Amino acid sequence: MPIRESKERDEFVADIDINDVKHRYILTKGSVQTGLQRDTGADVTTRGKYYQDRSEATEKDPPLYLHITALTQEALDQAVKKVNELIEEAQNLVQLPPQRESFQPGSRSYPGPPVRSILGKDFRLTCGIYRHQSFNARVAIGIESDRMFNVRAKIVGPGGQYVKHVQNETKTRVQLKGHGSGYLEVDTGRESDEPLYINIL
């Protein structure tokens with residue numbers, strides 16, 4: 001996959017194009033990206049927009065890609081390696097029909113044969129879905145931005161430092177979502193119309 005690496009301020013950055021990757025939705029799952037962050041220390045986010053025809057992409061809305069940032073080159077290299085391994089597994093994934101009788105209410109896992117895990121013992125690739133028991137919480141912001149007070153900047157911090165500090169200290173994934181967050185939903189390629197909130201995985 002095309003990879004673009006650079007260094008921005010005190011961060012090492014890599015962008016991996018996943019627009020044409022088979023089963024790309026696996027790579028955009030919050031639980032998968034949280035696992036990558038936990039295992040490598042690098043932050044992985046989904047950016048861009050999915051295009052069936054790449055020629056329709058613009059500079060403002062580039063094709064779907066993973067944006068990886070890390071505080072060290074070693075952490076970045078490790079994250080890029082794991083993403084590429086994950087892409088390889090996703091490309092070779094064989095879709096199997098779901099076995100409804102094995103599904104348990106409240107569980108996020110679906111039955112299927114295990115595939116070699118990249119992200120640790122908690123993960124398994126089954127029918128295109130990672131089996132990983134996770135918890136989710138939403139925290140409403142309740143404050144609107146104006147010209148004098150940028151809510152997003154106050155929460156995220158310089159270069160995302162505040163969010164990254166919380167993630168490193170708690171081993172969770174923290175995402176700012178909703179209107180004004182700058183987070184583009186994978187399904188729509190734009191921000192959600194919901195009021196600004198913090199999503200914790």
Side-chain angles (χ1 to χ4, degrees), residues 1-50 62-96 108-110 112-136 156 159-161 163-177 183-187 199-201:
M1 293 297 105
I3 302 174
R4 184 173 68 253
E5 294 192 7
S6 62
K7 190 175 188 298
E8 299 178 0
R9 296 181 182 177
D10 297 325
E11 291 185 334
F12 295 84
V13 180
D15 294 328
I16 302 180
D17 190 324
I18 62 170
N19 190 84
D20 302 324
V21 172
K22 187 178 181 182
H23 304 302
R24 69 191 70 79
Y25 63 89
I26 294 173
L27 301 167
T28 65
K29 283 184 172 292
S31 57
V32 173
Q33 294 180 0
T34 299
L36 285 167
Q37 192 274 333
R38 183 188 65 233
D39 290 351
T40 68
D43 191 42
V44 183
T45 56
T46 305
R47 292 190 178 181
K49 179 181 177 182
Y50 171 67
L64 195 67
Y65 67 96
L66 294 183
H67 182 68
I68 306 174
T69 59
L71 296 180
T72 66
Q73 183 67 53
E74 181 182 3
L76 181 69
D77 292 342
Q78 187 178 8
V80 169
K81 179 181 178 181
K82 285 184 176 291
V83 167
N84 283 328
E85 290 175 349
L86 197 56
I87 288 174
E88 182 179 353
E89 285 200 3
Q91 296 283 58
N92 297 325
L93 179 66
V94 177
Q95 285 288 93
L96 297 174
R108 292 192 176 190
S109 63
Y110 292 80
V115 177
R116 180 177 59 84
S117 174
I118 293 173
L119 302 176
K121 297 180 180 179
D122 292 340
F123 287 82
R124 128 177 350 189
L125 194 56
T126 59
C127 299
I129 299 176
Y130 275 94
R131 184 185 182 195
H132 177 63
Q133 184 176 5
S134 60
F135 299 90
N136 174 269
V156 173
Q161 290 181 10
V163 167
K164 290 174 183 177
H165 174 74
V166 173
Q167 290 182 148
N168 291 334
E169 289 294 316
T170 63
K171 305 305 180 185
T172 60
R173 180 169 179 76
V174 180
Q175 299 171 314
L176 192 62
K177 291 188 175 185
Y183 180 90
L184 303 181
E185 299 291 337
V186 176
D187 295 340
N199 190 50
I200 305 173
L201 294 170

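Nothing here was measured: the structure is a model prediction, and the numbers come from that model. Along the sequence shown, residues carry numbers from 1.
Nearest heavy atoms, Q175 versus L201: OE1-CD1, 4.1 Å. Smallest separation of non-hydrogen atoms from G48 and L184: O-CD1, 4.1 Å. Contact record, D17 with P63: OD2-CB, 4.4 Å, taken as the closest heavy-atom pair. Across all their heavy atoms, I68 and A42 have their closest contact at CG2-CB, 3.9 Å. Considering all non-hydrogen atoms of both residues, Q33 and T46 come closest at NE2-OG1, 2.8 Å.
Remark: E89 CD to I26 CD1 distance equals 9.0 Å, nearest 0.5 Å. To the nearest 0.5 Å, the span separating OG1 on T172 from CG on N199 amounts to 10.5 Å. H23 NE2 to I18 CD1: the interatomic distance, rounded to the nearest 0.5 Å, is 13.5 Å. Distance check: I200 CD1 to T170 OG1 gives 7.5 Å after rounding to the nearest 0.5 Å. Rounded to the nearest 0.5 angstrom, K177 NZ and Y183 OH are separated by 4.0 Å. To the nearest 0.5 angstrom, L176 atom CG is 12.5 Å from T45 atom OG1.
With Q37 contributing its side chain and D43 its backbone, the two residues share no donor-acceptor pair below 3.5 Å. Proximity of a side-chain donor or acceptor of R24 to a complementary backbone N or O of N19 within less than 3.5 Å is detected.
Side chains of N84 and E88: no donor on one and acceptor on the other come within 3.5 Å.
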**Request:** Applying side-chain contact (heavy atoms from CB on, under 4.5 Å), run through I16 and Y65 and close with a yes or a no.
**Result:** CA-CA 5 Å; I16 302 180; Y65 67 96; 5.9 Å; no
**Request:** Evaluate the side-chain contact (heavy atoms from CB on, under 4.5 Å) criterion for residues V44 and H67: first the C-alpha distance (whole Å), next the side-chain angles of each, then the deciding distance (0.1 Å), finally the verdict.
**Result:** CA-CA 6 Å; V44 183; H67 182 68; over 6 Å; no
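Exactly one of V83, L27, L66 qualifies for a side-chain contact (heavy atoms from CB on, under 4.5 Å) with L36. That residue is V83.
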